[in-house]
Structure formats: structure tokens, C-alpha cells
Amino acid sequence: MFAVVNTPKIACFGAAHIDRRAHSIAPIARGTSNPVKVTESPGGVARNVAEVLARLGDDVSLISVLGRDRHGQEVASQATEAGIDLTALIRSDGHPTATYNALVEPDGHLYVGFADMAIYATLTPKVLEEAAEENSTADAWFLDTNLAPESVTWLAARSPGLLAANTVSVPKATRLRSIIDRLDLLVANKEEANTLLPDAGSVDDTALGLHNAGAKVVAITVHEEGVVIVADGEVTRLGALEADARDVTGAGDAFTATMIHALLRGRSPVTAAHVALGAAAITVEADASVATELTERAARSRAGLSVES
């Protein structure tokens, strides 16, 4: 379906920030104090996708914006250590580095999240112009919807190769409506997909509707039920893999990155999704937003596929 590239160059546009996760020790009670264990690590959808791609062996650059503060330095240092190219990273003098704070239930699922991300409004088309030009020969671009709507549309019109996007959240999902027909890969959970295409019916119908609207490959994750894949007009359901979930934060990003990685290496969308489910299962068992032990071999093994070199 897509051209095969041995070591693809991929540019990731979007969020890079600090994730703080408060893991509830007991069932969450509203209106009172809850005992939690707090963890903190670099996060952000584009940053997470970039790190997973780097761990899978791809040549990846991150285009985002950080404040000139301790958190910004922490995010940048960790990204460099992970092998991500930060040549096009932007620094803001007027905004602090973004933060995402999550309250996580004992079973690892998100109870509620709080996003302080005003800094991303500075990623206007004018600000992104130089980075887009520097990555104009990349094999793929990934966009997340932390970008402003006009920036999403502007970047999609200039993508030089495979174009992938993740809806990120229900409030931000609609930012992809204007570019569905340009997407080679669209990843969303079922609630975000319903926001993009309301009243479509079942998850299968929604995925097929988004595919008919122009997205070449559509992947809708359905939490513990797995994922619905649509490509070439055909709907395929894959069940989720068993996992001892600690925190679902970052699982969708690992799934997205692994789909991109596999598609660029000539895997079919269904095979790519199998491998991506393996990556997601590894991620939900990790304490950080990206599992340090994640490799393609590990993801294929977790998915029950033959391990390739």
C-alpha cells in the first residue's frame, strides 16, 4: 500500500511537555482527599510518538515548542538521549513548558486529565514554516491536534510523504475534519472518532465512514476490546492483548507510532495493527509514557508474531 523505506525519516509536529500522573491507591471518591502515588516524566503525543519511532529504529525529528524553564530542559535532554533530532525545536520566552496532569484509577485507566497547553497556540504556520521546509524531504509527517486548527490544515497541505494524525482528545478531534481526505493514517479512540463523524452508528460504521471520507487507513481503538482497522474498503477487528495495566497514558501514542513504522516498512495495515497492539500492551505496563524496553522485536513477540531482525 505504501512505499517501503528501510530507515525512514519522520517528522513529528505537536506536543512535548511534562506528564504528571497521580495513581489512585483506592477507588476514587469525589469531593474529598484521595491517596495517590505521583509520577512525572516527559510526555506529549508528538514527543511520545517520536520517542517510540526512535526506539523502533527510525530517523525522527520533533517539531514542538518548550519554555525556557526546568521542565523544558528536562524534556529536551530526555529527547536527545532517546535519539530524537531537535534541530527544529522552538523555544518560547513568553510561555512556560506545557503540562498534562492526570488522575489515574487503580486499574490504570484515566479518571480525569488537566492540560495546561497555552504555549502550543504559538505554533502558527509562520512559526512552523522553517521547520516544514527543513523536513520537506521526509518520508512521513505525523501531526497531533494540540496544534491550532489553521496549523493542522497548513501542514497537511505541505506533507511530502505519508501523512498520519492522532485525534488526541474529544475536544480537539474536530481539528482533523478539514484534512481527513489527506490522511494516509488516522488513529482515534471510539469517542474521538464519534466526534469526527457523529451519528455514524457502530464503531465499524464510523471507521468505514472516515475511510470513505478519504483517510486511507483508519484505526479506531476500542479500549479493552481492541481496534477496528479499515483499509481498501475492508473492516477488520483485532482483539486487545492481555496486559497488567499500570497506566494507559501513552498506549495510543505507542500504537500510532508503531503503525507508522510498520506501514513504512511495507506491512499491511492489519499486520501493522497487530504489531501496534503489542507495543500498546508493553506500554500500559510501564511507569513512564514510553516503555524503555519497547522495540519492534518486543512488540512482535508480544503480539504473537514471528520475531524479525
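Note that the numbering runs from 1 along the sequence shown for the chain. Everything numeric in this text was worked out from a predicted model, so none of it was measured.
A 4.5 Å side-chain heavy-atom check between D58 and D139 finds every atom pair outside the cut-off. Between S24 and E105, every side-chain heavy-atom pair lies at or beyond the 4.5 Å cut-off. Using a 4.5 Å heavy-atom cutoff, the side chains of V168 and R175 are not in contact. At a threshold of 4.5 Å between non-hydrogen side-chain atoms, the residues H274 and V270 count as touching. No side-chain heavy atom of T87 sits under 4.5 Å from any side-chain heavy atom of S61. Residues V228 and K190 form no side-chain contact, since every pair of their non-hydrogen atoms from C-beta on lies 4.5 Å or further apart. Between Q78 and I84 the shortest side-chain heavy-atom distance does not fall below 4.5 Å.
Within 6.0 Å of CG in D181 there are more than 12 heavy atoms belonging to other residues, nucleotides or ligands. When the shell of 6.0 Å around CD of E40 is examined, it contains more than 12 heavy atoms from other residues, nucleotides or ligands. Counted within 6.0 Å of CD on E242, heavy atoms from surrounding residues, nucleotides or ligands total 12 or fewer; the atom is thus considered open. Shown here is E191, whose CD atom has more than 12 heavy atoms of other residues, nucleotides or ligands within 6.0 Å. Within a 6.0 Å sphere centred on CD of E150, other residues, nucleotides and ligands contribute more than 12 heavy atoms.
Salt-bridge formation is not detected for the pair K172/D144: no Lys NZ or Arg NE/NH1/NH2 atom is positioned less than 4.0 Å from an Asp or Glu carboxylate oxygen. Classification of D19 and R47 as a salt-bridged pair fails, no side-chain N sitting under 4.0 Å from a carboxylate O. With respect to E293 and R302, no salt bridge is recorded, no charged nitrogen being found less than 4.0 Å from a carboxylate O.
With hydrogens and angles left out, the side-chain atoms of H109 and D107 include a donor and acceptor closer than 3.5 Å.
In summary, of the residues considered (L186, L155, L143), a side-chain contact (heavy atoms from CB on, under 4.5 Å) with L163 occurs for L143 alone.
Rounded to the nearest 0.5 Å, atoms CZ (F255) and CG (L277) are 5.0 Å apart. Summarising the geometry, atom CG belonging to N135 is positioned 5.0 Å from atom CZ belonging to F13; distances are rounded to the nearest 0.5 Å.
The main-chain N or O of G14 is never found under 3.5 Å from a side-chain atom of N146 such that the two would form a donor-acceptor pair.
A chain of hydrophobic side-chain contacts below 4.5 Å, direct or via other Ile, Leu, Val, Met, Phe, Trp or Tyr residues, connects L197 to V235.
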* Just do the side chain to side chain contact (heavy atoms under 4.5 Å, CB included) check on V52 and D253 with the steps written out, would you? => CA-CA 8 Å; V52 173; D253 306 336; 5.8 Å; no
